There are 2 protein chains.
Amino acid sequence: MAATMKDIARRTGLGLATISSYFNGGNVREKNRIKIEEAIEELHYEVNEVARGLKTNATKTIGVVIPELNNTFCAEIITGMEDVLRSHGYATIVCDCRTDKKLEREAIEFLIRRRVDGVINMPVDEEGNHLKKFQKTGKPIVLIDRKIQGISCDSVLVDNEKAAEDAVRQFIERGHRYIGIIGGPKGIFTAQERMAGYYRALEKAGIPVRESLICHGDYTIQGGVRSLEELVQKNPDMTAVFVTNYEMTMGAMIGVNELGIQIPEQLSVIGFDNLQFARACNPKLTIVSQPTDGIAREVARIMLEHLENGKKESEEFFTEKLQTEIIEGKSVNTLK
Amino acid sequence: MAATMKDIARRTGLGLATISSYFNGGNVREKNRIKIEEAIEELHYEVNEVARGLKTNATKTIGVVIPELNNTFCAEIITGMEDVLRSHGYATIVCDCRTDKKLEREAIEFLIRRRVDGVINMPVDEEGNHLKKFQKTGKPIVLIDRKIQGISCDSVLVDNEKAAEDAVRQFIERGHRYIGIIGGPKGIFTAQERMAGYYRALEKAGIPVRESLICHGDYTIQGGVRSLEELVQKNPDMTAVFVTNYEMTMGAMIGVNELGIQIPEQLSVIGFDNLQFARACNPKLTIVSQPTDGIAREVARIMLEHLENGKKESEEFFTEKLQTEIIEGKSVNTLK
DNA sequence: CTGAAAGCGCTAACAT
DNA sequence: ATGTTAGCGCTTTCAG
């Protein structure tokens with residue numbers, strides 16, 4: 001068994017409180033401090049955070065629930081958050097709910113049982129029912145990518161509608177009129193926003209919407225492949241396509257390759273996320289780039305603020321909206 | 001404050017042991033079971049795993065320490081492991097050590113303090129010093145991608161040497177003689193093995209090794225870009241290049257694009273990992289594919305076996321070696 | 001500055 | 001089958 005504080009108390013002849021005080025930054029006589037440190041060394045003592053957590057009712061652990069770890073956007077966000085949280089002594093338990101509402105709810109319950117100090121969630125269930133129970137604990141929740149009515153908490157979002165509008169306008173300005181979109185699942189907030197941006201850009205330009213140019217993918221690579229094939233097949237006159245997340249962008253490129261379509265001569269493309277992938281494409285892809293690292297650090301910062309300063313429930317909750325950026329490649333053709 | 005077992009004992013008029021027994025699969029009279037369930041419902045009771053962990057000396061938590069979460073190979077492994085571990089009630093704490101030995105050691109200490117039941121590690125420190133302390137707890141360790149002398153534990157590896165040899169032989173059989181390699185960091189085990197495979201393939205074919213064709217990257221995208229540029233510049237006669245991980249493969253493709261090199265006419269390429277990326281390249285990339293999901297599930301399975309069956313320290317430790325596969329694309333030219 | 005003692009929420013004997 | 005009780009390792013009064 002691992003050494004305990006009792007062991008080191010016995011060994012040094014000191015009382016428990018002194019040892020505890022040593023670990024919690026209290027004042028300990030120089031002579032005793034040395035004795036304690038020797039004992040720690042010899043006994044290979046390591047604080048038991050579990051016991052500490054039980055006593056202090058704070059586990060120094062944050063639960064993170066995301067739809068797919070295997071999605072670059074999510075993975076990048078987690079990397080950034082984990083970095084800052086751990087540097088503040090917080091552990092991160094990541095739960096991948098596979099874009100499944102039931103699993104998402106179970107993940108939250110799992111985290112409640114483990115008494116995490118806070119939850120960071122990129123929600124699948126737009127109703128937020130899964131969060132109600134955690135909300136009752138009074139511990140902080142920070143949402144990524146979506147605000148939820150009825151759950152009072154901070155949210156860090158991206159201006160998805162503007163991102164999509166900008167991308168589509170880019171096509172329009174270059175003379176495109178038959179512009180396809182590979183959107184996300186209808187139930188997903190970000191997907192709805194991006195779709196709204198598409199509509200708005202067309203509307204502002206007075207271009208009529210054609211149903212067959214709109215395709216709802218599922219944010220996966222295979223979905224991207226299928227959607228691209230479908231769009232191309234249904235719309236021989238389509239000159240441009242906007243793809244609304246990274247996985248589907250990769251899928252669309254696969255489709256383009258496998259169909260032998262030339263970019264941008266036969267088809268102009270604007271993708272989403274992952275600048276490096278865009279650079280690796282030939283020709284380089286124009287993409288909408290989200291500030292992933294900024295989101296990650298912002299989310300972690302907000303969470304820490306709640307945790308350390310004990311931000312009260314009564315206070316106002318923030319909704320931060322970060323801006324995206326279009327990184328130009330050579331995948332958009334200028335017509336005429 | 002959250003409800004406790006005491007609360008539900010009071011509410012039902014039952015004793016603590018009965019409640020505990022209810023939660024741990026013991027026999028409880030039908031009438032009481034109903035009362036208990038009602039109380040749970042009304043009080044929104046959720047088991048406190050922290051307290052349980054303190055008592056049972058088992059946190060049902062596994063620590064995972066990896067070099068880069070932001071590396072697709074790692075992210076995929078984690079996804080798979082987390083899936084099976086959580087379905088068995090285990091939480092996963094992931095620590096990204098940024099390929100830094102000091103951070104790796106700190107991560108392990110962090111996990112020791114949190115009393116995780118086991119550690120899964122894709123080690124950066126080839127000496128394994130960081131694991132010594134955890135080893136003393138007698139709890140299980142499973143290593144990914146590398147075996148470490150002196151640390152007795154199971155390991156799940158990939159046959160890297162053969163993987164590289166196969167790839168290089170593929171070039172040789174198609175008539176290539178000036179074959180470059182973008183290897184990994186010299187200190188990394190998998191990188192050494194892949195490099196060894198390169199040497200072996202050349203040796204078997206009687207092709208002399210030329211130093212300038214060997215480049216040590218750092219397993220990052222930028223490293224891949226730089227390495228490709230360097231190889232091309234130093235070796236005007238190079239006709240093929242083998243890239244030894246995914247990130248550098250993407251980097252190499254970026255380099256190829258930015259230098260305007262035609263694949264496979266001017267340069268043949270074999271990459272590593274990520275079939276989907278290979279498909280998205282134009283032309284489709286030939287790659288060495290690792291069985292990531294297989295590794296993930298195997299690692300998780302081994303860990304669970306230790307945890308549930310209490311596999312003894314005295315027993316033999318396994319070293320499993322999984323095979324890779326070459327997925328052919330159109331990026332390898334046949335010379336004359 | 002240090003020691004003694006209570007208790008966080010749970011499990012696991014041991015009684016009944 | 002159910003109740004009682006003693007800790008698990010720590011923090012935190014409260015005394016001294």
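In this text, all values refer to a predicted model and were calculated from it rather than measured experimentally. In the text below, chain A, chain B and the rest are named by the order of the sequence lines, each starting its count at 1.
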Inter-axis angle, terminal five-pair segments of the helix from C/dC1-D/dG16 to C/dT16-D/dA1 [nearest 10°]
30°

Distance in angstrom units between [X] [atom1] and [N] [atom2], rounded:
{"X": "B/Asn24", "N": "D/dA1", "atom1": "CG", "atom2": "P", "answer": "15 Å"}
{"X": "B/Arg10", "N": "C/dC10", "atom1": "CZ", "atom2": "P", "answer": "12 Å"}
{"X": "A/Met5", "N": "C/dG3", "atom1": "CE", "atom2": "P", "answer": "12 Å"}
{"X": "A/Arg52", "N": "D/dC10", "atom1": "CZ", "atom2": "C1'", "answer": "8 Å"}

Looking at A/Arg86 and B/Glu106, does any basic side-chain N land under 4.0 Å from a carboxylate oxygen?
no

Options [options], nucleotide nearest the side-chain atoms of [X]:
{"X": "A/Thr56", "options": "D/dG9, C/dC8, D/dT12", "value": "D/dT12"}
{"X": "A/Thr18", "options": "D/dC10, C/dG9, C/dT2", "value": "C/dT2"}
{"X": "B/Ala17", "options": "D/dC8, D/dT13, C/dA13", "value": "C/dA13"}
{"X": "A/Leu16", "options": "C/dT11, C/dA5, C/dT2", "value": "C/dA5"}
{"X": "A/Ser20", "options": "D/dT11, C/dA12, C/dT11", "value": "D/dT11"}

Please classify the nucleic acid contact of [X] as base, sugar-phosphate, or nothing, using heavy-atom distances under 4.0 Å.
{"X": "B/Val50", "value": "nothing"}
{"X": "B/Tyr45", "value": "sugar-phosphate"}
{"X": "A/Asn57", "value": "nothing"}

When you measure only distances, ignoring hydrogens and angles, does the side chain of B/Lys55 come within 3.5 Å of the base of C/dG9 through a donor and an acceptor?
no

Residues touching DNA chain D, which here means a heavy atom under 4.0 Å, drawn from residues 29-38 of chain B
B/Arg29, B/Asn32

Applying ring pair (Phe, Tyr, Trp, His ring centres under 6.0 Å) as the test, list every pair that has at least one member in residues 28-72 of chain A; sequence neighbours left out.
A/Phe23-A/Tyr45

Can you establish whether the number of heavy atoms outside A/Lys147 located under 6.0 Å from its atom NZ is more than 12?
no

